[in-house]
Amino acid sequence: MTDPEIIPQPQNAWLELEHVDAGYNGSLALDDVSFHLPEGIRVALVGPNGAGKSTLFKVLARLLPVRKGKILIHGLPLGHHCDCLAYVPQKEEVDWQFPATVKDVVLMGRYGKYSWLSRMKKEDNDVAMRSISQMGIMNLADSPISDLSGGQQQRAFLARALAQEPHILLMDEPFNGVDMTTQEKLFEILDELQRQSVTTIVATHDLNLAMTNFDQVILLNHRLIAIGPPAQVLRRDTIRQAFGNQALDLDQLIVVDECCPE
């Protein structure tokens with residue numbers, strides 16, 4: 001595979017990966033991945049199914065170990081900041097039958113700030129309720145999470161991430177299976193987080209969204225294919241390099257062809 005194409009990045013990178021390998025059962029899902037992201041930008045993580053997008057998120061969230069390489073946040077090793085990174089997984093990875101209300105789920109976002117024997121404070125409840133309100137589901141605060149629609153469940157888990165008050169937010173395919181109202185709400189939250197200098201990385205298959213709604217794109221297929229501004233990364237050559245024959249079936253490629261003709 002050819003070396004990744006790297007568009008010049010701003011200085012003072014805030015999240016840094018250096019030659020990271022990770023995977024499962026002896027196989028590599030991430031192979032020698034390196035990139036730097038500055039503070040407060042909105043990044044689309046794009047690649048085919050099985051390209052390592054979810055693996056990258058799980059490594060950053062410390063749910064999967066790094067086999068090789070180094071990850072730094074604020075120049076310090078991964079894990080030094082216990083609560084500054086929040087992760088919203090794909091809905092398929094969540095046990096929606098877990099007996100918890102929306103408020104219970106959102107309060108879980110506060111647990112990382114305490115030791116096992118510590119008790120939550122009124123401030124934690126206030127932050128949780130504010131996050132629920134911010135996502136427009138205050139009327140569902142006492143409802144079982146299992147009773148919610150797909151879009152409502154997505155809002156509840158994003159409210160949990162907001163309650164964590166993160167510096168980095170990872171969202172794995174948050175737009176899958178949600179209605180337009182929820183999608184618009186998600187982008188409103190992403191806009192507000194960017195105003196607060198929160199770095200967000202969103203995995204998506206939608207090249208239209210990646211092209212028009214993000215500052216930078218990471219194009220991944222086990223290895224880093226390209227990173228940089230959307231119009232410079234989402235070109236026919238790099239898309240084909242990432243998706244191979246699958247690229248022929250991607251309707252979104254017409255947008256890439258129009259924006260960045262060869």
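Quantities reported herein were computed from a predicted structural model and do not represent experimental measurements.
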State whether the side chain of [X] and the backbone N or O of [Y] hold a donor-acceptor pair below 3.5 Å, judged by distance alone.
X      : Y      : result
Asp21  : Asp32  : yes
Asn221 : Ala242 : yes
Thr55  : Ala29  : no
Glu16  : Phe35  : no
Arg160 : Val105 : no
Gln216 : Ala44  : no

Under the side-chain contact (heavy atoms from CB on, under 4.5 Å) rule, what do Arg155 and Leu158 come out as? Steps first, then yes or no, please.
CA-CA 5 Å; Arg155 291 191 189 202; Leu158 182 52; 5.7 Å; no

Could you grab the distance from atom [atom1] of [X] to atom [atom2] of [Y], nearest 0.5 Å is fine?
X      : Y      : atom1 : atom2 : value
Asp179 : Ser149 : CG    : OG    : 7.0 Å
Met138 : Met129 : CE    : CE    : 4.0 Å
Leu45  : Thr204 : CG    : OG1   : 9.5 Å
Ile201 : Ile218 : CD1   : CD1   : 5.5 Å
Asn49  : His205 : CG    : NE2   : 4.0 Å
Gln183 : Glu188 : CD    : CD    : 11.5 Å

Where [X] and [Y] come nearest, the two heavy atoms and their spacing:
X      : Y      : value
Val59  : Leu30  : CG2-CD1, 4.4 Å
Ala156 : Leu148 : CB-CD2, 4.4 Å
Arg223 : Val33  : CA-CG2, 4.4 Å
Thr199 : Pro38  : OG1-O, 3.6 Å
Gly23  : Leu64  : O-CD1, 3.9 Å
Val106 : Ala128 : CG1-O, 3.6 Å

Path from [X] to [Y] over hydrophobic side-chain contacts below 4.5 Å:
X      : Y      : answer
Leu224 : Val66  : yes
Met108 : Val127 : no
Met180 : Ile137 : no

Determine whether the side chains of [X] and [Y] contain a donor N or O and an acceptor N or O closer than 3.5 Å.
X      : Y      : value
Asp31  : His222 : no
Ser54  : Gln90  : yes
Thr101 : Asp142 : no
Gln194 : Asp215 : yes

Step by step, would you call Thr200 with Ile41 a side-chain contact (heavy atoms from CB on, under 4.5 Å)?
CA-CA 7 Å; Thr200 56; Ile41 67 169; over 6 Å; no

Residue set satisfying ring-ring contact (aromatic ring centres under 6.0 Å, His included) with Tyr87, at least two apart, ordered chain then number -> none

Who pairs with Phe187 by ring-ring contact (aromatic ring centres under 6.0 Å, His included), at least two apart in sequence or on another chain?
Phe175

Where do Gln164 and Leu169 land on the side-chain contact (heavy atoms from CB on, under 4.5 Å) test, with the steps shown first?
CA-CA 10 Å; Gln164 190 173 323; Leu169 174 62; over 6 Å; no

Does Leu207 form a side-chain contact (heavy atoms from CB on, under 4.5 Å) with Ile239? I'd like the steps, not just the answer.
CA-CA 10 Å; Leu207 297 182; Ile239 289 290; 3.9 Å; yes

Note, [X] side chain near [Y] side chain (heavy atom, < 4.5 Å):
X      : Y      : value
Leu56  : Leu170 : no
Ile168 : Ile73  : yes
Val198 : His167 : no
Asn176 : Glu173 : yes
Leu234 : Val217 : yes
Thr238 : Gln232 : no
Lys70  : Leu78  : no
Pro174 : Leu186 : yes

Name the residue from Leu60, Leu72, Leu85, Val43 that meets the side-chain contact (heavy atoms from CB on, under 4.5 Å) definition with Leu15.
Leu60

Is the closest basic N to carboxylate O distance between Arg110 and Asp124 below 4.0 Å?
yes

Lys122 bridged to Asp126 by N-O distance under 4.0 Å:
yes

For residues 41-60, which residue pairs pass the salt bridge (Lys or Arg N to Asp or Glu O under 4.0 Å) check, not counting sequence neighbours?
Arg42-Asp191, Lys58-Glu93

